[in-house]
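Here's the structure, in structure tokens; my notes come after.
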Amino acid sequence: MPVILCVDDELILLRGLKEQLKLAFGQEYRVEAADSAELALSIIEEYNRAGVPIPVVISDQVMPGIRGDEFLIRTQKTNPDTRKIMLTGQASADSVGNALNNAKLYRYLSKPWDSRDLILTVQEAIRSFEADRSLFELNRKLEDALLYNRDSGLPNLEYLRRVLEERELRGEDSVLALVRIESTSLTTKHFGVSLYKDLLRKFLDSMNSMLGKIADIFHVYEDEVAILSKVSEERFLPHLIAFKILLRSDYLTTEGISFRINTTIATANGCKDLYYKARLALVRASQDKSEDFAGGILEYSEKMDEQDLYQININLGKRLNNAIHSGNIVPYFQGIVDNSTGKVEKFECLARIVEDGKVYAPASFIYLAKSTGMLRMITPILFEKVLKTFSRSEYGFSVNLSETELESGSFPKWVASRLAHHKIEPARVTFEILETMSLRENPDHFKVISGLKEIGCSIAIDDFGVEHSNFSRLLEIQPDFIKIDGKFIQSLGKNRTAFILTSAITELAHRIGAKVVAEFVGTREEFEAVRSLGIEFSQGYYIMEPRSEIPSSTIKIID
């Protein structure tokens, strides 16, 4: 049972305070009393050890020994979320100010107190404490959905990326192995996904039994596992080779059928860019089936870097440069359906490179555009083509924003001038904040966002629930739309937690006045699940695939 703690050296007042609080809150909260700050600190320590929450502490200021403001400051260090109330008739302005600044004082009440005012203050303090706890728990669940593979329950690529970043910041060398299961597609094709997942679980169990004590295991892709050693390379590699030998000689059995698991394994060691290096070695190992490398495990070398990635990036860089100067950066349009009418009401505009009849998605060129500085040239080209397209229609449309646009204080004025030139109402335009963008690094980004809203455009948070798209971002941006990340939408029918989280995000968005868009809606079942949650819009391949032109006739999903 959560605890309300009262602290006062005047025993008569302390008993009266405790009785009032017990009458008001005694059925749901334990009310504790202490006649000194020293005793109160020991009570807090005891409940903290037991894991019992303390929503509210009420303390007198003038007490022998430790004063009230000093006591509340100490409490702040161990219980920062506890709401702290000072109840006294003799506190100086300095004491109150000290508690406000250093203990995050929630309220100050004078003696003698008004009973009704006291109870209302404690009720509000409890409500504030519980609201923060609920947000923390929801954030934790969102974090779990982001950091763990939903099938195996193991930490995923995002978790691995964070661990490696922390180790790199500490300058800590590591050994990373990547294991690719080469028989995944054939097993799935001939025996189905369900059997493959059962086989994968047994494979991961076998790996954990052999390597779990000396390494952390990450399920990074459906057919790929990362193993991050907790011991030296000299100790780790023999165990890894032994696991490889076991796979060659042993079989895993499921549904009465025995399978030999074929794998490719590569390693990298060091501190910087460890996953990238191991991935490059894994690609090389997959290409070289002779397995002349030691123990059938290929180790990364710098030659792979020089021969492969640099040349690949040079070729891609030339392609990007040619596309920009020849105007081959073009918009593709994906419809967004109004779930209440079933009609496509607006479109998201997506950048593509078209070259020799091939279409390249942003994943193949955006990272190079950032590193070369050419990203600033893409948005003006794309936006101008988008405006020409929608000047001939009445649809609404959305465009992604990057850091480059947000770093330009004049961007809202430029947008306003181009909209006026094409005679397009700003209310038809939504700018989407990409999930990978951190706005905290540059407060001026918020001025650009505010400027876009002032001219009448809307703001959407893209892929809510991953990367930097969290609850603090809602407070910072005050968006008009929240686009729920596809990981949650695609799991609605299979994962109860995904359904609960999607429902909670939707309710939260509606409470702050934002409308919700469900991304990656790929099936009729997902579409109906999204509609049942009261989500206003849907986007995904079930609605329509991205096209080079907006359709001339109305697209309707439901009658």
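Positions are given from 1 along the sequence. Because only heavy atoms are used, hydrogens play no part in the values below, and waters and symmetry mates are left out as well, while side chains stay in.
Rounded to the nearest 0.5 Å, atoms CZ (Phe71) and CG (Leu39) are 9.5 Å apart. Expressed to the nearest 0.5 Å, how far CG of Leu72 lies from CD1 of Ile66 amounts to 11.0 Å. In this structure, NZ on Lys18 lies 12.0 Å from CG on Leu11, to the nearest 0.5 angstrom. Here CG of Asp485 is found 7.0 Å from CZ of Phe520. Values are rounded to the nearest 0.5 Å. Here CG of Asp8 is found 6.0 Å from CG of Leu14. Values are rounded to the nearest 0.5 Å. To the nearest 0.5 Å, atoms OG (Ser232) and CG (Asp173) are separated by 12.0 Å.
In this view, Tyr541 and Gln334, Glu545, Pro546 satisfy the side-chain contact (heavy atoms from CB on, under 4.5 Å) rule, not counting sequence neighbours. For Arg531, the side-chain contact (heavy atoms from CB on, under 4.5 Å) test picks out Asn339, Phe527, Glu528, Ile558, with sequence neighbours left out. Scanning for side-chain contact (heavy atoms from CB on, under 4.5 Å) contacts around Lys413 gives an empty result, with sequence neighbours left out. Scanning for side-chain hydrogen bond (donor to acceptor under 3.5 Å, both in side chains) contacts around Lys197 gives Asp151, with sequence neighbours left out. Applying the side-chain hydrogen bond (donor to acceptor under 3.5 Å, both in side chains) test to Arg201 and every residue at least two apart in sequence or in another chain returns nothing. In terms of the side-chain hydrogen bond (donor to acceptor under 3.5 Å, both in side chains) criterion, residue partners of Thr379 (sequence neighbours excluded) are, by chain and number, Glu405. Applying the salt bridge (Lys or Arg N to Asp or Glu O under 4.0 Å) test to Lys343 and every residue at least two apart in sequence or in another chain returns nothing. For Glu222, the salt bridge (Lys or Arg N to Asp or Glu O under 4.0 Å) criterion is met by no residue, not counting sequence neighbours. In terms of the side-chain hydrogen bond (donor to acceptor under 3.5 Å, both in side chains) criterion, residue partners of Asp132 (sequence neighbours excluded) are, by chain and number, Arg83. Listed by chain and residue number, Ser398, Ser458, Ala460, Phe481 satisfy the side-chain contact (heavy atoms from CB on, under 4.5 Å) test with Thr430 (two or more places apart in sequence, or in another chain).
Under the 3.5 Å distance criterion, with hydrogens and angles disregarded, no donor-acceptor pair is assigned to the side chains of Lys104 and Gln76. Side chain to side chain, Lys453 and Gln478 fail the donor-acceptor criterion of an N or O pair below 3.5 Å.
Using a 4.5 Å heavy-atom threshold, the side chains of Thr75 and Leu41 count as touching. Residues Glu519 and Asp462 form a side-chain contact, since some pair of their non-hydrogen atoms from C-beta on lies under 4.5 Å apart.
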Walk me through whether Phe537 and Lys515 qualify under side chain to side chain contact (heavy atoms under 4.5 Å, CB included).
CA-CA 8 Å; Phe537 300 97; Lys515 294 183 179 180; 4.1 Å; yes
Might you work through the side chain to side chain contact (heavy atoms under 4.5 Å, CB included) test for Tyr29 and Leu21, ending with a clear yes or no?
CA-CA 9 Å; Tyr29 296 86; Leu21 294 175; over 6 Å; no
Steps toward side chain to side chain contact (heavy atoms under 4.5 Å, CB included) verdict (Leu176, Leu160)
CA-CA 10 Å; Leu176 179 69; Leu160 174 63; 4.2 Å; yes
For Asp69 and Gln61, what are the C-alpha separation, side-chain angles and deciding distance, and is it a side chain to side chain contact (heavy atoms under 4.5 Å, CB included)?
CA-CA 6 Å; Asp69 57 337; Gln61 165 60 15; 3.3 Å; yes
Given Ser174 and Arg167, is the side chain to side chain donor-acceptor pair (under 3.5 Å) satisfied, shown in steps?
CA-CA 8 Å; Ser174 305; Arg167 291 194 176 193; 2.9 Å; yes
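Minimum heavy-atom separation, Ser538 to Val521: CB-CG2, 4.0 Å. Taking both residues in full, the closest heavy atoms of Tyr542 and Arg524 are given as OH-CD, 2.8 Å, listed atom of the first, atom of the second, then distance. Heavy-atom minimum distance, Tyr148 versus Gly153: CD2-O, 3.4 Å. Summarising the geometry of Pro412 relative to Ile455, their closest heavy-atom pair is O-CD1, 3.7 Å, with the distance given to 0.1 Å.
For CD of Glu172, the number of neighbouring non-hydrogen atoms (other residues, nucleotides, ligands) closer than 6.0 Å is greater than 12. The neighbour count for Glu38 CD, taken as heavy atoms of other residues, nucleotides or ligands under 6.0 Å away, is above 12. Atom CG of Leu169 has more than 12 neighbouring heavy atoms from other residues, nucleotides or ligands inside a 6.0 Å radius. The number of heavy atoms from other shown groups lying within 6.0 Å of CZ (Arg376) does not exceed 12.
His510 contributes no side-chain N or O that, together with a main-chain N or O of Ile512, makes up a donor-acceptor pair within less than 3.5 Å. The closest donor-acceptor contact from the side chain of Ser491 to the backbone of Phe488 lies at 3.5 Å or more, if one exists at all. Proximity of a side-chain donor or acceptor of Ser532 to a complementary backbone N or O of Ala529 within less than 3.5 Å is detected. Not a single donor-acceptor pair under 3.5 Å links the side chain of Asp273 to the backbone N or O of Tyr276. Using modelled atom types, no side-chain atom of Asp9 and backbone atom of Ser36 make a donor-acceptor pair closer than 3.5 Å.
Of the candidates Phe431, Phe347, Phe390, Phe397 forms a ring-ring contact (aromatic ring centres under 6.0 Å, His included) with just one, namely Phe390.
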N/O donor to acceptor pairs below 3.5 angstrom from side-chain atoms of residues 43-59, sequence neighbours left out:
unit_1: Glu45; atom_1: OE2; unit_2: Arg49; atom_2: NH1; d: 3.2
unit_1: Tyr47; atom_1: OH; unit_2: Glu32; atom_2: OE2; d: 2.4
unit_1: Asn48; atom_1: OD1; unit_2: Asn79; atom_2: ND2; d: 3.0
unit_1: Asn48; atom_1: ND2; unit_2: Ile44; atom_2: O; d: 3.4
unit_1: Asn48; atom_1: ND2; unit_2: Asn79; atom_2: OD1; d: 2.9

Show me the donor-acceptor pairs within less than 3.5 Å that the side chains of residues 498-508 make with the rest of the protein, sequence neighbours left out.
unit_1: Thr502; atom_1: OG1; unit_2: Ala498; atom_2: O; d: 2.7
unit_1: Thr506; atom_1: OG1; unit_2: Thr502; atom_2: O; d: 2.8
unit_1: Glu507; atom_1: OE2; unit_2: Arg511; atom_2: NE; d: 3.4

